[in-house]
Protein chains: 2
Amino acid sequence: MNRAASVSEPRRRGRPPKDQSQPNAPRARLLRTGVAILTEKGFSAVGVEEILDSADVPKGSFYHYFGSKEAFGLELIDAYAAYFARKLDRWFDDAARAPLDRLRDFIADARSGMARYGYRRGCLVGNLGQEMGALPEPFRKRLAAVLRDWEARTARCLHAAQQAGHIPKDADCDSLAHFFWIGWEGAVLRAKLERRPDALDVFARGFIAMIQAKERVIVPTSIDEYRG
Amino acid sequence: MNRAASVSEPRRRGRPPKDQSQPNAPRARLLRTGVAILTEKGFSAVGVEEILDSADVPKGSFYHYFGSKEAFGLELIDAYAAYFARKLDRWFDDAARAPLDRLRDFIADARSGMARYGYRRGCLVGNLGQEMGALPEPFRKRLAAVLRDWEARTARCLHAAQQAGHIPKDADCDSLAHFFWIGWEGAVLRAKLERRPDALDVFARGFIAMIQAKERVIVPTSIDEYRG
DNA sequence: ATTTGACAAGACGATCGGTCTAATAAACCT
DNA sequence: AGGTTTATTAGACCGATCGTCTTGTCAAAT
């Protein structure tokens, strides 16, 4: 509707916009740096200028690319969610690996990702979640939706494991995925606080053992009303 | 050594300090409101003035009672830790209840505590943990120590359950307590994000089922090096 | 060359952050 | 009472931050 037929368009006049899809176009740099800084410090603690400086983008440009700090924050969430969804798919859809190994692979990757930055960076979603009280309302829905999306992807992986007979037939994979992300965010938080991976390991081990247990461990809760 | 014989002291000169042990002496009010506001918004997002206003303490007084915002924050952690430790003991040492019921009681209490404020307030420790990158270093050790303390109290309760035969003999209660607090902080975060208690319920149920499982679920990790 | 629109530079003012100094209040002492 | 000592408060201070805006430069189309 709004940008249809961009191909046969009679070519707009004036300076054409930079190809902002280039991975180091200013706009993309701002998003990348923004994610890096906010995963470490959160939203309220960081001023736009710090991001500008770090991304080497002139201050005058910020409000050319983004309408406000809030709008920037929302785009940051989207960018992070997209990046992370790709990552999840990369691990969870790797048909060459057994489903539960895919989960283990993801966990190992996340672990080494935290190690790479000295356990100083956490999860953007978890970070902003904690700040909810100080954040503009639109953030809430967005963050909650992102987590539900990750849970859905995780649940698919668990279903695959179930079909492969690696977790019990009667396990409720959706609830298990929900449990996983509740606890995993806690583990990331803890690892960041302690600057060591122990929490990640403890939670991951516990979870994997738990889903393989013969006895039913998660009582399926009424997912019915579990909607945004 | 330092404040010995305060009874027979020859009475100091000058205006005597207000009795700051009174629960609504300015200093105590500042700590109370500080906890309330920071559990909602975090540290960096909140200015001292907001706390002063809300506590009805004049701005000039702040640096009479506390050396800086940072010093105030540290005291806040202590106050919260003390408050919470009392709460834990109250539930976990209730000899009239079966050990696992004590855990359930604590969970129910925390749940209704969150409900009371519309799921807008989380856990001070979790909140500040997320902000680590933006917080002065001293906070880290303090927060980590608090969590270890809570874990130790929880482990005692689990040991009692073990002795009562309600959880398997070979369960590693320390590791289980560790697992609990990793995930519980995640659940509080999630509940705050979604403004609903579901995450608390899901995690609590899963955990309780898990610790009762006959199969060993948590592989005891090397707790050896697990020191501040 | 000139137009057009994409982008950059950096000042701006309002506001708010944490901190500090000077004033006031409340006891005590002689 | 009048002066001394200490507790508490009022409000100034200065630097930072946020979002905006004016001005300038650049690249392509005409």
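Below, chains carry the letters A, B, ... as their sequence lines are ordered, and counting in each starts from 1.
Between the side chain of A/Ser61 and the main chain of A/His64, no donor-acceptor pair closer than 3.5 Å is present. A distance-only check finds a donor-acceptor pair linking the side chain of A/Arg140 to the backbone of B/Leu193 [under 3.5 Å]. Of the possible donor and acceptor atoms, none in the side chain of A/Glu194 sits under 3.5 Å from a partner among the backbone N and O of A/Ala199.
Distance, A/Glu70 CD to D/dT20 P: 11 Å, rounded to whole Å. The distance between atom CG of B/Leu135 and atom C1' of C/dG18, rounded to the nearest whole Å, is 15 Å. Straight-line distance from the CD atom of B/Glu49 to the C1' atom of D/dA12: 13 Å, rounded to whole Å. Straight-line distance from the CZ atom of A/Phe62 to the P atom of C/dG10: 18 Å, rounded to whole Å. Atoms CG (B/Leu30) and C1' (D/dT9) sit 13 Å apart, rounded to a whole Å. Whole-Å rounding puts the A/Leu52 CG to C/dA9 C1' distance at 12 Å. Rounded to an integer number of Å, the gap from B/Phe66 CZ to D/dT8 C1' is 14 Å. Atom-to-atom, NZ of B/Lys69 to C1' of D/dA16 comes out at 13 Å; the value is rounded to the nearest Å.
Between A/Gly60 and A/Val46, it is A/Val46 whose nearest contact on DNA chain D lies nearer the 5' terminus.
Using a 4.0 Å cut-off, no side-chain N or O of A/Ser61 falls inside it from OP1 or OP2 of C/dC7. Within the 4.0 Å cut-off from OP1 or OP2 of C/dG10, not a single side-chain nitrogen or oxygen of A/Lys59 is found. B/His64 has no side-chain polar atom (N or O) that falls below the 4.0 Å cut-off from OP1 or OP2 of D/dA7. For C/dA8, one of the phosphate oxygens OP1 or OP2 lies less than 4.0 angstrom from a side-chain nitrogen or oxygen of A/Tyr65.
Within the 4.0 angstrom heavy-atom criterion, only backbone atoms of the sugar-phosphate kind lie near A/Gly67; the bases stay farther away. B/Val57 comes within 4.0 angstrom of no nucleic acid atom, judged by non-hydrogen atoms across all strands.
Using a 30° and 60° split on the angle between ring planes, B/Phe203 and B/Phe180 fall in the tilted class, from 30° to 60°.
Here D/dC18 is the nucleotide among D/dC18, C/dA9, D/dT9 with the atom lying nearest to any side-chain atom of A/Tyr63.
Of the charged side-chain nitrogens involved, none lies within less than 4.0 Å of a carboxylate oxygen, so that A/Lys192 and B/Glu185 do not count as a salt-bridged pair.
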